[in-house]
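Computation of the quantities below employed the complete heavy-atom set of this structure, encompassing side-chain atoms and omitting hydrogens, waters and symmetry-equivalent molecules. Counting starts at 1 for both ligands and their atoms, in listed order.
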Amino acid sequence: MKTINDYVEETGEIGYVKRVVNVIVHAHGLPSVRPGEIVIFENGDLGKVMSLGTEIVEIMILSKKSIKVGEKVARTGNSIEIPVGRQLLGQVIDPFGTPLDNNTIMKRPKISRPIEVLPSGIITRRTIKKQLDTGVGVVDLMVPIGRGQRQLVLGDRKTGKTNFLLQTIVSASRAGNICIYAAIGKKKIDIKKVQEYFINNNVMGNVVITASSPQDSPGVIFNTPYSAMTIAEYFRDQGLDTLVILDDLSTHAKFHRELSLLANKFPGRNSYPGDMFYVHAKLLERAGNFAVNDKEVAITCMPVVESSEGDIAGHIQTNAMGMTDGHIYFDSNLFSEGRRPAINPFLSVTRVGKQTQSSSKRSINRELLSFLTLYEKLRNFSHFGAELTESVRVTLQSGEKILGIFDQDPNIIIPSNIQTIFLTLIWSGNVKETDMKKLNRYRERLAALYTDNRSYREYVDKIVFSAKSFNDLLSIVQANLRQLFPSFQ
Ligand code: ATP
Ligand code: MG
């Protein structure tokens, strides 16, 4: 480990701290320092150069210890880098790559990469063609997500956003993706819960958690999503598809605002600094579907943004919508009605996901949307206490059944093809059972069969893929009821 004196000798420059404002330090005497460069203080702590004035350098402290006026400071010549390698898999690390779990001994990877890089150019990008199964039925059928898509997850506090993302990670990891979960300023207990979820579902070997908590300095919290992206880019360059979850960007924006206000940057809308859009867009642009050595490799990114009281028109929310390829909206009204997951398919958008679906699934998507729109209209109408005709009653009953099969427990992952044939079974009217709990338990058994039994899986995949439309699929399923739905009474 080099000390400040080594660096002074190396660079020939020594600076002194002139002023300290909370986590921002003004220093003078470092004439050739660059923005973004890491500097080292006398007590061994690190800082990052934020901006340069004619006389002074503005530095953000990257630790919790206090820095005093008059202390020495030196350049290191490096920007923030983190070690990357397969050793990170299964680990919980801080944004600088140090394991947070004291009991684990990790062999430190030999390669390091800077955490802030420019996004890859347009020449390296390819059209998004493959679907990423989230394992959550309502999303896979109605708001499909493509590999390489940037999909925002939007909603009020405690509406099930994180839980949905954990299900997505389990599903994506089973499909061979490397998943990186960035916990941005999350409580330690929440990070532990996330880790336990992955361990219980046997996917921790494909997952890296980069985490910062409220006790960390704002500089550390601010760097969490960048470090997650750098890890994803490393695995992409190894030819592996990755999924990055940024939980959440609202917290990230708040810390950026705090740092900017301390640094006397002029505040704009809602006191957020003027470069707020740029900061997030530069981060999310690092996702996409890329050409790597004649192969297409995707970095799918799902950032979370919190809304308050259902207001999705705020500054950060609209910014994030503008820089992603769609959003999944978690509705607190649906949550209080008892719907789990509380995803509102009418207010959710996917701009590139539909092109990744097979034609039968696309046709299901259209049918579902028009049927559920009709159902919603009739349901609102029936609230007035109007007398209902038989056909309206039948539509309402079927609507409830369809919505019922979108209900899913927090630990259950349903592959999208199972959800598809199960929906077809319900739609066809072959099922007399009205107890949704029983039906959903049967669906879980089908999902387990699909995951464990390869020949059943290939059979189901072939049927869903070969059908040209929903009607086509309905008749194929009708002709194969016995084989598709074993032990179903
Ligand atoms: P926060 O604002 O704290 O980030 P969040 O929107 O991420 O909240 P979660 O923490 O995922 O929400 O979930 C909130 C609560 O809802 C949790 O207690 C969770 O167990 C419950 N929950 C989430 N999804 C489901 C589900 N599919 N079925 C049953 N309960 C669920
Ligand atoms: Mg959450």
Side-chain angles (χ1 to χ4, degrees), residues 92 133-143 151-171 179-198 200-201 207 209-214 221 224-225 228 243-255 301-312 314 316-317 320 327-345 347-348 403-416 418-419 436-437 439-441 443-444 447:
V92 185
D133 259 18
T134 65
V136 176
V138 60
V139 174
D140 288 340
L141 293 191
M142 297 196 68
V143 207
Q151 183 78 354
L152 180 65
V153 172
L154 185 65
D156 282 8
R157 287 196 56 233
K158 295 271 168 248
T159 46
K161 302 183 295 299
T162 300
N163 193 77
F164 159 68
L165 291 167
L166 299 185
Q167 287 169 301
T168 306
I169 286 190
V170 172
S171 169
C179 305
I180 294 120
Y181 180 87
I184 307 172
K186 289 257 170 246
K187 281 187 272 176
K188 291 220 163 81
I189 174 125
D190 289 335
I191 298 167
K192 197 88 204 153
K193 273 192 208 149
V194 167
Q195 190 186 6
E196 268 162 19
Y197 188 97
F198 295 144
N200 292 340
N201 283 288
V207 173
I209 302 179
T210 60
S212 54
S213 40
I221 298 175
T224 321
L243 167 68
V244 184
I245 306 291
L246 307 174
D247 199 358
D248 60 274
L249 283 190
S250 317
T251 312
H252 186 248
K254 277 181 201 140
F255 280 98
C301 181
M302 297 176 74
V304 180
V305 165
E306 206 175 276
S307 58
S308 68
E309 295 182 31
D311 177 18
I312 53 175
I316 300 299
Q317 291 85 344
H327 59 262
I328 295 172
Y329 180 56
F330 281 76
D331 195 330
S332 54
N333 293 332
L334 292 182
F335 194 86
S336 48
E337 279 175 24
R339 293 272 306 284
R340 303 283 184 280
I343 295 168
N344 186 332
L347 292 181
S348 301
L403 288 179
I405 66 162
F406 283 154
D407 278 348
Q408 212 167 311
D409 282 345
N411 281 312
I412 302 295
I413 317 296
I414 309 287
S416 72
I418 287 294
Q419 187 76 6
M436 286 319 296
K437 284 223 173 83
L439 279 176
N440 284 348
R441 259 201 305 279
R443 178 187 58 176
E444 282 156 28

Check your understanding: Do Ser332 and Thr159 have a side chain donor and acceptor closer than 3.5 Å?
Key -> no

Exercise for review: May I ask you to decide if the ring planes of Phe330 and Phe164 are parallel, tilted or perpendicular, using 30° and 60° as cut-offs?
Suggested key: tilted

Point to revise | Minimum-distance protein heavy atom relative to atom 12 (O) of ligand 1 | key: Gly160 N, 2.9 Å

Check your understanding: In the protein, which heavy atom is nearest to atom 22 (N) of ligand 1, and how far is it?
Key -> Arg340 CD, 4.5 Å

Review point. Would a 4.0 Å cut-off, counted as strictly less than, catch a protein heavy atom around atom 29 (C) of ligand 1?
Key: yes

Point to revise | Gly155 to ligand 1, any heavy atom closer than 4.0 Å | key: no

Practice item. Identify, by atom number and element, the atoms of ligand 1 in contact range of Thr162, meaning under 4.0 Å from any of its heavy atoms. Key: 4 (O), 5 (P), 7 (O), 11 (O)

Exercise for review: Report the nearest protein non-hydrogen atom to atom 24 (N) of ligand 1: residue, atom name, distance rounded to 0.1 Å.
Suggested key: Asn163 ND2, 3.4 Å

Check your understanding: Can a cation-pi geometry be assigned to Arg340 and Phe335, taking NZ or CZ under 6.0 Å from the six-membered ring centre and within 45° of the ring axis?
Key -> yes

Check your understanding: Can you check whether Ser416's main-chain N or O pairs, donor with acceptor, with Asp133's side chain at less than 3.5 Å?
Key -> yes

**Study point:** Which residue and heavy atom of the protein sit nearest atom 8 (O) of ligand 1, plus the separation
**Key:** Lys158 N, 3.1 Å

Point to revise | Atoms in ligand 1 flagged as close to Phe335, the criterion being non-hydrogen separation under 4.0 Å | key: 16 (O)

Review point. Under 4.0 Å from any heavy atom of Gln408, which atoms of ligand 1 are there?
Key: 26 (C), 27 (N), 28 (N)

Exercise for review: For atom 19 (C) of ligand 1, decide whether some protein heavy-atom distance is shorter than 4.0 Å.
Suggested key: no

Check your understanding: Leu165 versus Val304: any side-chain heavy-atom pair under 4.5 Å?
Key -> yes

Check your understanding: Does Lys186 pair with Asp248 as a salt bridge, N-O distance under 4.0 Å?
Key -> yes

Review point. Any donor-acceptor pair under 3.5 Å linking the side chain of Asp156 with the backbone of Glu309?
Key: yes

Review point. In Å, rounded to the nearest 0.5 Å, how long is the span from CG of Leu243 to CD1 of Ile169?
Key: 5.5 Å

Check your understanding: Quick check: does Asn163 have an N/O/S atom under 2.8 Å of the Mg ion (ligand 2)?
Key -> no

Point to revise | Backbone or side-chain N or O of Lys161 under 3.5 Å from ligand 1 N or O | key: yes

